[in-house]
Amino acid sequence: MADLQAIVEEIHEKLTPRLGEGKVADYIPQLAHVDPKKFGMTIVTVDGDVHKVGDCDEPFSIQSVSKVFTLTLALGKHGETTWNRVGREPSGSAFNSIVQLEHEEGKPRNPFINAGAIAVSDLVLAGHTPREAIGEIVRFVRYLADDDSIAIDPEVAKSEQATGFRNFALANFMRSFGKLDHPVEHVLGVYFHHCALAMTCTQLAKAGLFLAASGRNPLTGHTVVSRQRARRINALMLTCGHYDGSGDFAYRVGLPGKSGVGGGIMAVAPGKASVAVWSPGLNHNGNSLLGSLALEMLATRTGWSVFGQ
Ligand code: GLU
């Protein structure tokens, strides 16, 4: 196996002159004030080796990366009936688009655009109060990463709530089509809180490791999902994980991945490793600019790709 520690250090070194490129999300102050020059990267291999560099142990707002964890929970609770509420096709439009939702009568295209993740929050809420559902999500992520220090940033959750007008619009729209079972405020309470999870690259890479190892976390020995479900979640990340930039990410990186507007990306090299990278500057699709580049460099150096050697 390639010397992964040397590779992450080389990637960091090569990208250092470019730190600060891209546009930091500014719709809430907690994201707008993040130092744009932060950069962290952690690789956790299926053998349990950890290779990391830069600001890899500093927590950041994982935002939409959390949608992978809520989808996993919803599938665990509802199985294949999850797909009655949300589709599995790339959207081809912006992450918070409302237009498509009208055409499709309140059934969002996929679980990773905002509307789809809101539908998934509704499924996670089944049988719970919002507080219990949020607690379940946090416990699940802690279990995945085997790290009880992971928490939600309450200030981020509050700001999301205060500025989430478009998410309220999406949720109300779905509710008007009878596509949400719970009150909009409850569903969005869950959604805003899981977006506000704060995690480090190392925690995120560990939390995603089950997806690289056929559904079982090799660090803890816990079987999280079946082999088939891990493959399917990876398929969704590959086709839908980067909003309208998913095709470009597949072309350049060739690995399933999920990005968030906080500048984080979690990527999975099946059978090999889970990788998390954080660089707050975003490209025009809302995906981390240097984070995508770092993963492209990693894929080139290691040959990791789901499309061939
Ligand atoms: N909380 C953000 C929103 O709903 C998440 C967006 C993202 O990470 O892409 O607008």
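From a predicted model like this one, the values you see are computed outputs, not experimental measurements. When a ligand or atom number is given, it counts from 1 through the structure's own listing order.
Around the CD atom of E13, the shell of radius 6.0 Å holds no more than 12 heavy atoms that belong to other residues, nucleotides or ligands. For Y251, the OH atom sits in a loose shell: 12 or fewer heavy atoms of surrounding residues, nucleotides or ligands are nearer than 6.0 Å.
Residues I118 and N167 meet the side-chain proximity criterion, which asks for heavy atoms closer than 4.5 Å.
Looking only at atom types and distance, the side chain of K77 has a donor-acceptor partner in the side chain of H128 under 3.5 Å away.
Within ligand 1, the atoms closer than 4.0 Å to a non-hydrogen atom of C195 are 1 (N), numbered from 1 in the order shown. Here is the list of ligand 1 atoms found below 4.0 Å of a heavy atom in N167: 3 (C), 4 (O), 10 (O). In summary, the atoms of ligand 1 found under 4.0 Å from a heavy atom of Y27, numbered by their order in the structure, are 1 (N), 2 (C). Short contacts between ligand 1 and Y243, defined as distances under 4.0 Å to a heavy atom of the residue, involve ligand atoms 7 (C), 8 (O), 9 (O). Atoms of ligand 1 lying under 4.0 Å from any heavy atom of G260, numbered from 1 in the order shown and given with element: 8 (O). Contact atoms of ligand 1 toward E160: 1 (N), 2 (C) (distance under 4.0 Å to a heavy atom of the residue). Residue contact check: V261 has heavy atoms under 4.0 Å from atoms 6 (C), 7 (C), 8 (O), 9 (O) of ligand 1.
The CD atom of Q100 sits 8.5 Å away from atom CG of N110, with the distance rounded to the nearest 0.5 Å.
The N/O atoms of Y191, backbone and side chain alike, include one that comes under 3.5 Å of an N/O atom in ligand 1. Polar contact check, S64 against ligand 1: a nitrogen or oxygen pair lies under 3.5 Å apart.
Contacts with ligand 1 closer than 4.0 Å are made by no heavy atom of V65, backbone or side chain. With a heavy-atom cut-off of 4.0 Å, R166 does not touch ligand 1 at all.
A salt bridge does not link E296 to R301: none of the charged side-chain nitrogens sits closer than 4.0 Å to a carboxylate oxygen. Under a 4.0 Å N-O distance rule, the pair K206/D146 does not qualify as a salt bridge.
Sorted by first then second residue, the ring-ring contact (aromatic ring centres under 6.0 Å, His included) pairs that include residues 50-85, not counting sequence neighbours, are F60-W278.
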